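See structure below.
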Amino acid sequence: MSINQPKKRILSGVQPSGKLHLGNYFGAVRQHIELHHSAECFLFIADYHSLTTIHDAKTLRENTSDVALDYLALGLNPEKAIFFRQSDVPEVTELAWIFSTVTNMGLLERAVSFKEKIEKGIDASVGLFYYPILMAADILIYRSTLVPVGKDQIQHVEMTQDIAGKFNRTYANIFPIPEYKLDKESKVPGIDGQKMSKSYGNTIEIFAEGKALEKKVMSIVTDSTPVADPKDHQKCNVYTLYSLFASEEEKKQLAEKYQAGGMGYGEAKKSLLAKINTYFETARIKRKELAANPGVVEEILRDGARKARAEARATIDLVRDAVGMKNYLNA
Ligand code: ADP
Ligand code: TRP
C-alpha cells in the first residue's frame, strides 16, 4: 500500500471555547491565516477536544459556529485551506485509540497543560489526561509536517513526535515526524495588564463593536500619572495594544506624545479604539454577511471535511494493515 506524502503540510486546530479575543488573534489566528497562503494547509475546529471543558450541547454548537464565522470573516480562504470540524472525521478517534496502546503513561503524566488545567479547577477526566494523544492523532492522521502553535502547546507537539516515532518503530514507517512553529506574539495583555485570557475575564473580543468595545478599551488599566506629566509608553498596556495595530511611524508618534507629557491616557485609548475599528472593519462586514448565510458556512465545513476525511481514511487503512486489521467492510 502506498500513500501520497506531501513535503510540507501545515495543520493546526483551534478549540471552540468561546468568543475569540485580540490575544487569540495576534497569538494564533493571524498566523494561521497567513500560513495558508504559503503551503497546503489543514485547519480544524477542535470540538472533540472542547468536550474536556464544555458539557453543554448548545454552547458547544454555538461556539463551533462562532469560530467558523470568525476565521472565515478574518480572511481564511476555503479554496486554499482545508477547513473543517474535527468531529466530521471520526477516524481521528480510532487512530487516537491505537496510539494510546503504544504510549506510556509516563509520557502523559509529564504533561504540564494537564496539571495546569487541574489546578484551575477543570475536572480531571480520563479525556483530559488523554487529550495529547487525540492531538497527536489530529496531526498525524493527515501526515502533517508543520504545526503552528502557541507556547503552551509545544509540549503536545513534542509528545506527538514521540508517539509517531514509537508507532513507526513498532509497526511500520507511516508517519512523518512533525515540527512545531511557534506563534509570534506570545503575550498580548488584557485590560487589567495580565495575559489576555478568557479565564481571567480581561479580554477584548475581536468582533466587539460600538459601545461594548468602547467600554472595554476605556477600562484598560493605566497608572495614575497626571495628564500634564511625561509618561513611560513601554510600561503602558494601551501602548502595547496600540503597537499591535500601528505602523512603525505611528508607534513612534504615539511614543513621543507619551514622553512629551500633556496627553492623558484617555486620548491614547481613543487612538487605540480607532485603530481596532479600522483594522477589523472589513472582517465585521464579512462576518455579518456570513452569519446571514449559515448554509454557505456549513457547505464550506462539509466540503473541507470530505477532503480531510479522504486523507484520514487513507492513513487509517495503512495503520489498520500495519497493526493486523483490515478495512474489512470497505467503509
Ligand atoms: P484563552 O487563554 O483565552 O483560553 P486559549 O488558551 O484558547 O485562550 O488560546 C488559543 C490560542 O490563542 C493559543 O494558541 C494561545 O497561545 C493564543 N493566545 C491566547 N491568549 C493569548 C495572549 N494573551 N497572547 C498571545 N497569544 C494568546
Ligand atoms: N490543543 C490545541 C489548543 O488548545 C488545539 C488543538 C487540538 C490542536 N488538536 C490540535 C492544535 C492539533 C494543533 C494541532 O489550542
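All values below were derived from every heavy atom in this structure, side-chain atoms included, with hydrogens, water molecules and symmetry-related copies excluded. Whatever order the structure lists them in is the order used to number ligands and atoms, beginning at 1. Everything quoted here is computed from the prediction, not taken from an experiment.
Under 4.0 angstrom from ligand 1, there are no non-hydrogen atoms of Lys151. At a heavy-atom distance under 4.0 Å, only side-chain atoms of Gln153, from C-beta outward, approach ligand 2. If you look at Ser197 next to ligand 1, the close heavy atoms, those under 4.0 Å, come from the backbone and the side chain alike. Of the heavy atoms in Asp152, only side-chain atoms (C-beta onward) come closer than 4.0 Å to ligand 1. Heavy atoms of Lys198 found under 4.0 angstrom from ligand 1 belong to the backbone as well as the side chain. Here Ile139 has side-chain heavy atoms under 4.0 Å from ligand 2, and that is the only part of it that gets that close.
Within the set Ser50, Pro189, Ala28, Ser199, the minimum heavy-atom distance to atom 14 (O) of ligand 1 is found for Ala28. Here atom 5 (C) of ligand 2 lies nearest to Gly13 when heavy atoms of Ala137, Ser113, Gly13 are compared.
Under the 30°/60° scheme for interplanar angles, the aromatic rings of Phe84 and Phe42 are found to stand perpendicular. Ring pair Phe280/Phe207 is tilted by interplanar angle, where 30° to 60° counts as tilted. Between His156 and Tyr131, the ring planes are tilted. Angles from 30° to 60° get that label.
Asn63 contributes no side-chain N or O that, together with a main-chain N or O of Leu60, makes up a donor-acceptor pair within less than 3.5 Å.
Here the heavy atom of the protein found nearest to atom 1 (N) of ligand 2 is Tyr131 OH, 2.7 Å.
Each of the following atoms of ligand 2 lies closer than 4.0 Å to a heavy atom of Leu11: 12 (C), 14 (C). Every atom of ligand 2 is numbered from 1 in the order shown, and the set under 4.0 Å from a heavy atom of Val147 is 13 (C), 14 (C).
You'll find the ring centres of Tyr130 and Phe99 outside the 6.0 Å limit.
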